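Here the structure is laid out as structure tokens; the discussion comes afterwards.
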Amino acid sequence: MTYLGSKRLANFKKSRTDPIIKPHANSERYKDRPGMSESHLQLIRKMPCAICLRTPGGECHHLKSAPGRGMGIRTEDKWGVPLCRTDHDIVERAGTKNEISLFKDAGIDCHLLANDLWAATGNLPQMIKILMAHRWHGKK
Ligand SMILES: [Zn+2]
């Protein structure tokens, strides 16, 4: 009993000091997922707000209603759309269910916009043109 007991205690101690590996926002593993790009986020933040057109919007909203969103893990950067602080707060508070309609009110299909911005990433003037085209196209 004493031998087994001390061995169990040793194993317990070892497992307590093992590093805990889990993906989170700051880990390299998380950032290296496909569809992730810090440079894309930087460009998105320089764009006008998709809802009110304040320039620059200054923030990137990761669409909650996009596919691939896991528990506690936001969607990939490719699902980022430009927003200002005020509209970002409104969209975040409205939640996943109301996200699509909030963008629709500004004439925007948010998933199509994110998709087109990701396709043009690296070219800020082109990304801004795409945003404006989405707004004109959506207004009926
Ligand atoms: Zn705004």
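Keep in mind the model is a prediction, meaning the values are calculated, not measured. Every number for a ligand or one of its atoms is a count from 1 in the order of the listing.
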| request: List the atom of L43, the atom of N123, and the distance in Å for their closest heavy-atom pair. | output: CD1-N, 4.4 Å

| query | Could you state the interatomic distance from CD (E92) to CG (D87), rounded to the nearest 0.5 Å? | reply | 12.0 Å

| said: Quick check: do I130 and Q126 have side-chain heavy atoms less than 4.5 Å from each other? | reply: yes

| Would you say H88 reaches the Zn ion (ligand 1) with an N/O/S atom under 2.8 Å? | no

| request: Check all N, O or S atoms of D87 and name the one closest to the Zn ion (ligand 1). | output: OD2

| request: May I have the angle between C52 SG and C49 SG with its vertex at the Zn ion (ligand 1), rounded to 10°? | output: 110°

| Between F103 and H61, how do the two ring planes meet: parallel, tilted or perpendicular, split at 30° and 60°? | parallel

